Amino acid sequence: MKYVVFLVIDAFHYKSIGLERTGYSPTPFLDELFKGGAYFTNVFSQAPFTDGATYGLYSGQNALEGSSYMFNLRDVRRTLGEVFRDNGYDTHTNLTAHPHVQGFKRGFNQAVYATSAAPGLIWYYRLRYYAALRSQAGLDAADYDVVCDLLRDNFVVAKDYLSSVFHETAESACVRHMISDRGQLVAIHDFLEDQQSLFLQDERRYARQVLDRGAAHPLFTRCSVRYDPIDVHFRQYARRRLAPLLGRSLLRAARHALPKGRVHVNALDEAARYLLRLARKGKVARLVTEVGKHVVTHPRAWLDVDLIERFRRPLNGVKAGLDHALGVLTSAARSNREQRVFVLSHVDGLHAPVRFLSTDRADRDLLERELRALEVYLAEVEPRSPFLLSYDYALCYVDQKVREFVEALRQAGLWGETALIITSDHGSSFTGATRRKNTVNNFYDESYNVPLAIAGGAIQPRRIDSLASSIDVASTVLDVLGLGGAPLGDGTSIVSRRRAFVTLEHYGSGCPDWRRRGRNVAVRSEGFKVVYAGDAPTHLFEPSSLIEVYDLARDPGETTNLARKARSAREVGQLVEVVRDRLRLASASVSGAAGLPPRADGATST
């Protein structure tokens with residue numbers, strides 16, 4: 001295939017797609033696109049958050065291997081981008097906000113910034129952990145090596161981001177139109193130069209200062225780029241136009257969320273409950289108008305963040321990601337018809353807080369088209385739909401943008417030569433289909449079950465229900481596209497092989513300190529799931545850490561924990577042995593032991 005677009009839609013729970021639902025579908029175009037290509041219904045991510053999930057998706061390696069995802073893709077054996085580059089493709093990607101960005105550039109000829117690259121991210125996702133550890137027990141040399149590696153990467157990335165915007169290089173195409181004040185870029189760049197110089201003089205001393213001062217350190221307080229304000233007339237127009245829709249949406253969500261006076265998990269927050277009280281008093285007109293405006297402007301409203309303010313920040317949106325991919329493909333088609341092109345685009349939209357409007361700050365026609373699509377859906381969706389309305393809105397938006405992208409490729413005459421892969425890094429507990437107390441750091445299917453579809457003019461339709469892991473996605477795509485070669489990492493093509501089980505594994509939310517944190521492992525077969533939450537990074541299996549067991553055939557919603565009842569079941573015992581193997585193999589890879597035993601991946605030939 002000449003053109004390959006690998007679209008990763010963050011937090012896309014497969015069962016939320018219209019194909020798997022009854023009633024009015026929020027994804028009519030995706031439904032047909034999936035059915036017209038090769039699509040896979042039983043793919044599971046390894047982690048419920050982006051750090052751990054993208055590690056396996058882009059490398060084919062298990063998440064608990066070696067230094068894990070501490071440095072994202074820096075230490076993996078091979079990346080998806082490198083595979084396509086080695087197969088003769090011109091490779092492109094968009095860089096989102098990660099604690100260690102450099103690793104995501106591996107294998108790509110060009111990487112554009114889809115969001116800002118302020119250093120503050122490493123504090124919240126990595127260094128805050130080490131600061132707490134230092135105050136409690138102290139750090140050793142290996143800890144300081146990690147901290148310095150993270151700081152080193154962020155100096156490089158932040159300066160490169162500022163320079164690319166200032167010089168208007170291709171890498172800044174997605175964000176530079178939002179930054180008119182170029183003087184601030186020079187000031188921040190010069191400040192980072194000075195800080196980097198101090199860092200290089202004595203790396204460990206600088207690291208100690210950062211950990212001591214924490215989020216108040218100048219590295220995190222003086223490096224945020226100011227983005228242009230939204231045009232006041234567009235702001236007023238958007239607020240006025242959004243208010244009625246959000247008011248009606250809130251009323252519909254409230255009716256669903258409180259059938260018996262109970263608040264639906266993640267559906268409503270304090271602002272929404274206040275608005276609901278007005279609705280209960282019969283003040284519906286006020287709810288739809290004045291209250292609707294409150295929803296738009298409240299910083300922690302029913303839709304999680306101020307929608308208007310989203311227009312003024314660079315967000316890794318679906319439209320921006322697909323516009324970038326379309327530009328790369330059409331440019332390649334004009335300049336070199338023989339050149340093969342691979343674009344990996346990781347976009348948000350479904351991730352909480354959900355986004356269902358393009359962050360274009362002046363295009364009223366675009367806003368109207370997007371809002372009309374939401375209004376149609378609100379009018380048609382069942383009043384008692386079990387799915388969270390805001391997540392469905394985001395699905396409608398994603399569906400609309402993918403349709404526009406495919407139509408543009410068809411108009412350009414490129415669809416017949418293009419393969420579009422649609423998948424996700426992880427699922428989502430915010431769909432509303434199931435109510436959970438713990439909505440992210442868990443092992444429930446909705447947090448892990450992701451879509452995988454390979455569509456395009458030359459892709460033969462087929463549906464595959466075999467159990468698969470996200471570490472298999474890259475190898476499966478290569479197989480379907482006929483690129484051949486060895487599977488990526490520990491993955492396997494699920495077209496020709498099937499797994500008896502998949503493993504879900506990670507270090508939990510926060511910093512993945514592979515030297516100290518306990519290893520979380522779940523093993524899922526078609527019939528059962530066992531969940532192990534370790535307290536320490538040891539290869540030893542502790543029976544007390546086997547905290548959950550589910551009989552998926554009888555209890556697909558995973559509502560009845562059989563951990564104390566089902567351990568004697570033969571299949572459960574087999575899955576527990578897999579947990580033991582994963583702990584042993586993870587410990588061996590961390591210690592750098594040579595001659596690791598054969599992997600336990602449950603794969604058999606068909």
Side-chain angles (χ1 to χ4, degrees), residues 8-14 42-76 79-80 96-100 103-104 121 124-126 129 346 348 350-352 423-431 436 438-452 467-474 488-491 499 501-514 517-524 529-534 537 547-548 558 578-579 582-583 585-586 589-590 601:
V8 180
I9 303 171
D10 207 299
F12 194 167
H13 174 212
Y14 173 69
N42 255 332
V43 180
F44 289 85
S45 170
Q46 286 208 321
F49 39 80
T50 299
D51 253 7
T54 52
Y55 182 86
L57 181 63
Y58 297 155
S59 72
Q61 293 179 213
N62 290 298
L64 293 182
E65 181 175 314
S67 61
S68 188
Y69 44 92
M70 174 68 79
F71 306 108
N72 298 111
L73 302 180
R74 189 194 71 177
D75 299 328
V76 301
T79 70
L80 182 61
T96 58
H98 285 284
H100 197 286
F104 285 97
L121 194 68
Y124 293 101
Y125 286 94
R126 296 289 190 268
Y129 166 84
H346 186 149
D348 285 328
L350 299 178
H351 195 290
T423 188
S424 183
D425 52 349
H426 55 79
S428 175
S429 293
F430 294 90
T431 63
R436 308 288 190 191
N438 183 354
T439 55
V440 176
N441 194 21
N442 61 48
F443 279 100
Y444 300 121
D445 271 5
E446 66 266 17
S447 294
Y448 296 82
N449 188 199
V450 297
L452 174 59
L467 201 59
S469 168
S470 57
I471 69 173
D472 302 323
V473 168
L488 182 63
D490 301 315
R499 288 185 180 272
F501 53 82
V502 294
T503 61
L504 322 175
E505 56 185 63
H506 53 78
Y507 285 102
S509 58
C511 182
D513 181 1
W514 72 95
R517 298 201 52 190
R519 299 187 176 103
N520 300 317
V521 179
V523 184
R524 187 197 193 281
K529 178 188 291 181
V530 300
V531 177
Y532 181 91
I547 59 172
E548 296 173 73
E558 301 168 275
V578 177
V579 172
R582 285 303 306 139
L583 293 174
L585 291 170
S589 70
V590 167
D601 62 2

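Fair warning: this is a prediction, and the values are worked out from it, not measured in the lab. Note that the numbering runs from 1 along the sequence shown for the chain.
Remark: Leu467 engages Asn42, Phe44, Val502, Arg524, Glu526 in a side chain to side chain contact (heavy atoms under 4.5 Å, CB included) (not counting sequence neighbours). Here His346 pairs with nothing under the ring-ring contact (aromatic ring centres under 6.0 Å, His included) rule; sequence neighbours left out. Partners of Tyr507 according to the ring-ring contact (aromatic ring centres under 6.0 Å, His included) rule, which considers only residues two or more places apart in sequence or in another chain, do not exist here. Not counting sequence neighbours, Tyr532 has no partner by the side chain to side chain donor-acceptor pair (under 3.5 Å) test. Residues that satisfy the side chain to side chain donor-acceptor pair (under 3.5 Å) test with Arg517, not counting sequence neighbours, are absent from this structure.
Between Ser428 and Leu350, every side-chain heavy-atom pair lies at or beyond the 4.5 Å cut-off. Between Tyr58 and Val76 there is no side-chain heavy-atom pair separated by less than 4.5 Å. Residues Ser447 and His426 have side chains not in contact (no heavy-atom distance under 4.5 Å, counting atoms from C-beta outward). Taking 4.5 Å as the limit, some side-chain heavy atom of Phe49 sits within range of a side-chain heavy atom of Tyr69. Taking 4.5 Å as the limit, every side-chain heavy atom of Arg582 sits out of range of all side-chain heavy atoms of Val523.
For the atom pair CG (Leu121) and OG1 (Thr96), the distance works out to 9.5 Å, reported to the nearest 0.5 Å. Atom CG of Leu488 sits about 9.5 Å away from atom CD1 of Ile471, to the nearest 0.5 Å. How far CG of Asp445 is from CG of Leu504: 8.0 Å, rounded to the nearest 0.5 Å. To the nearest 0.5 Å, atoms OG1 (Thr79) and CG (Leu57) are separated by 11.5 Å. One distance of note links CG of Leu585 with CD of Glu505; it measures 9.5 Å at 0.5 Å rounding.
Side-chain contact of Asp10 with Thr50: a donor-acceptor pair under 3.5 Å is present, judged by distance alone.
A donor-acceptor pair under 3.5 Å is absent between the side-chain atoms of Thr423 and the main chain of Leu452, judged by distance alone. Between the side chain of Glu446 and the backbone N or O of His13 there is no donor-acceptor pair closer than 3.5 Å. With Asn72 contributing its side chain and Tyr55 its backbone, the two residues share no donor-acceptor pair below 3.5 Å.
For the pair Gln61 and Gly489, the tightest heavy-atom approach, listed with the atom from each and the gap, is CG-CA, 4.3 Å. Taking both residues in full, the closest heavy atoms of Gln46 and His506 are given as O-CD2, 3.7 Å, listed atom of the first, atom of the second, then distance. Taking all atoms of both residues into account, the shortest heavy-atom contact from Asn520 to Leu64 is O-CD1, 4.2 Å. Contact record, Ile547 with Ala533: CD1-CB, 3.8 Å, taken as the closest heavy-atom pair. Here the closest heavy-atom approach between residue Ser470 and residue Ser45 is recorded as OG-CA, 3.5 Å. For Gly427 against Val450, the heavy-atom pair with the smallest separation is N-CG1, 3.7 Å.
Using cut-offs of 30° and 60° for the angle between ring planes, the Phe443 and Tyr448 rings count as parallel.
Sorted by first then second residue, the salt bridge (charged side-chain N to carboxylate O under 4.0 Å, His left out) pairs that include residues 44-58, not counting sequence neighbours, are Asp51-Arg126.
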